[in-house]
Student: 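One structure coming up, written as structure tokens, with questions to follow.
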Amino acid sequence: MTVLSQHFTSPPPAVSFEFFPPKTPEMEQKLWQSITQLAPLNPSFVSVTYGAGGSTRERTHYTVGRIIGETKLKPAAHLTCVDASRAEVDEVARAYWDAGVRHIVALRGDSPTGGAYVPYPEGYRYSSELVAGLKKIGDFDISVAAFPEKHPESPSFDADIEYLKQKIDSGATRAITQYFFDVEHYFRLVERVRAAGITIPIVPGILPVGNVAQVKKFSAMCGASVPAWLETLFDGLDADPATRNLVAVTVAAEQCRRLVEFGCDHLHFYTLNRADLSAAICRILGLRS
Ligand code: FAD
């Protein structure tokens with residue numbers, strides 16, 4: 001218990017939670033149960049993703065609108081450059097500004113068909129261009145993506161850092177990382193960005209793993225590695241969700257403990273619209289509603 005008791009002597013980190021816009025009334029109900037359960041932890045913000053190719057454009061907007069209208073939470077709307085001209089993306093951003101949204105998570109997005117990414121004609125090519133475009137529309141607080149294991153299309157870590165600098169020069173004030181399981185990947189990223197003179201917060205993205213098979217499939221696409229130790233921990237638990245959840249919380253809480261020890265004062269949770277795992281991890285970190 002030494003390790004757990006240590007959490008109560010240091011101030012808990014700030015947290016934020018990511019949700020995705022629901023497709024069905026049942027999913028909508030689950031999302032709102034999750035938001036209601038996590039809201040008392042006073043997250044710095046809650047973000048809502050934007051589906052590939054703008055496929056969730058209306059649903060993202062609707063969800064962000066409900067958060068503004070029905071809660072005291074600060075929403076961050078994700079926005080991508082995929083399959084839309086600059087004028088179309090700008091129109092979405094203006095609608096957010098008019099609705100009172102002041103925080104955008106600005107991303108390039110990926111090819112909706114899974115192939116190589118091709119910028120849309122007259123569209124923003126990279127997230128740095130999107131950030132610059134957003135800043136012309138309003139003085140948004142802008143978060144961008146960072147990649148502890150390198151963006152899969154990037155030629156090198158150095159290139160990644162260079163492009164991160166471009167995003168910051170365009171107006172981004174915070175980076176949120178892709179999820180990772182070995183904290184050393186995050187530590188190395190922070191060392192590299194600080195050595196390059198970048199001072200903005202690099203907020204680690206935490207994915208509590210409920211289902212390792214699903215995570216493996218997704219990780220192959222987004223360039224995050226799934227270590228053998230993680231797979232071993234979930235071996236034989238396919239039909240045992242209760243034990244999987246206990247393992248998920250234990251693994252993520254230990255990851256968070258090491259990040260806090262490293263100096264992280266803000267953790268971002270990929271909730272996948274379920275509150276239980278993130279809520280339990282936050283409690284272990286000393287957060288109280
Ligand atoms: P960019 O910064 O544009 O980089 C993309 C690639 O282009 C990289 O390889 C980079 O090295 C290269 N590059 C950048 N600038 C230049 C340049 N000037 N010249 C040449 N090459 C360059 N996707 C969604 O569809 N919806 C979401 O809601 C969403 N949310 C996310 C949230 C977080 C926190 C993260 C980490 C990712 C999210 N993604 C989302 C996934 C993201 O869209 C993909 O990872 C995408 O492949 C990269 O996005 P980016 O903003 O980093 O792109």
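The model shown is predicted, which means the values in this text are computed figures rather than measured ones. Atoms within each ligand, like the ligands themselves, are counted from 1 in listed order. Excluded from the calculations below are hydrogen atoms, water molecules and symmetry mates; all remaining heavy atoms, backbone and side chain alike, are included.
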Student: My understanding is that we take every heavy atom of each candidate and find the minimum distance to atom 36 (C) of ligand 1. Doing that for Ala145, Pro155, Pro21, which one comes out nearest?
Tutor: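 It is Ala145 whose heavy atom sits nearest to atom 36 (C) of ligand 1.
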Student: Heavy atom to atom 21 (N) of ligand 1, shortest distance: which of Tyr163, Phe157, Tyr50, Tyr179 holds it?
Tutor: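 Shortest heavy-atom distance from atom 21 (N) of ligand 1: Tyr163.
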Student: Heavy-atom contacts with Asp160 under 4.0 Å: which atoms of ligand 1 show up? List them by number with element.
Tutor: 11 (O)
Student: Could you tell me if any non-hydrogen atom of Phe147 lies under 4.0 Å from any atom of ligand 1?
Tutor: yes
Student: Using a 4.0 Å cutoff against the non-hydrogen atoms of Asp110, which atoms of ligand 1 qualify?
Tutor: 44 (C), 46 (C), 47 (O)
Student: Taking distance alone, with no angle check, do Thr49 and ligand 1 share an N/O pair under 3.5 Å?
Tutor: no
Student: Does Val144 have a heavy atom less than 4.0 Å from any atom of ligand 1?
Tutor: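 Heavy atoms of Val144 never come under 4.0 Å of ligand 1.
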Student: Pair Glu254, Arg257 - check salt bridge (Lys or Arg N to Asp or Glu O under 4.0 Å), show working.
Tutor: CA-CA 5 Å; Glu254 171 59 8; Arg257 184 192 67 77; 2.9 Å; yes
Student: Find all atoms of ligand 1 within a distance of less than 4.0 Å from any non-hydrogen atom belonging to Thr80, and give their numbers and elements.
Tutor: 24 (C), 25 (O), 26 (N)
Student: Please work out which of Thr56, Val48, Ile161, Leu107 has its closest non-hydrogen atom nearest to atom 29 (C) of ligand 1.
Tutor: Leu107
Student: Only heavy atoms of Gln178, strictly under 4.0 Å: list the atoms of ligand 1 that pass.
Tutor: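 Checking each atom against Gln178, I get 36 (C).
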Student: Parallel, tilted or perpendicular: which one describes the rings of Phe262 and Phe187, with boundaries at 30° and 60°?
Tutor: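 Parallel, since the angle between the ring planes stays under 30°.
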Student: Using salt bridge (Lys or Arg N to Asp or Glu O under 4.0 Å), reason through Glu88 and Arg57 one step at a time and then give a plain yes or no.
Tutor: CA-CA 11 Å; Glu88 285 163 337; Arg57 177 177 166 156; over 6 Å; no
Student: If the condition is salt bridge (Lys or Arg N to Asp or Glu O under 4.0 Å), which residues does Arg66 pass it with, not counting sequence neighbours?
Tutor: Glu28, Glu70
Student: Determine, considering heavy atoms only, which of Met221, Glu18, His78 sits nearest to atom 28 (O) of ligand 1.
Tutor: His78
Student: So is Glu129 close enough to ligand 1, meaning a heavy atom under 4.0 angstrom away?
Tutor: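 The answer is no: ligand 1 sits nowhere under 4.0 Å from a heavy atom of Glu129.
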Student: For ligand 1, which atoms sit closer than 4.0 Å to a heavy atom of Ile176?
Tutor: 34 (C), 36 (C)
Student: Does even one non-hydrogen atom of Tyr270 get within less than 4.0 Å of ligand 1?
Tutor: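 True for this residue.
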Student: For ligand 1, find out whether one of its N or O atoms is nearer than 3.5 Å to an N or O atom of Thr177.
Tutor: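 No, there is no polar N/O contact under 3.5 Å.
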Student: Just going by heavy-atom distances, which of Ser127, Ser111, Gly51, Pro152 is nearest to atom 2 (O) of ligand 1?
Tutor: Ser127
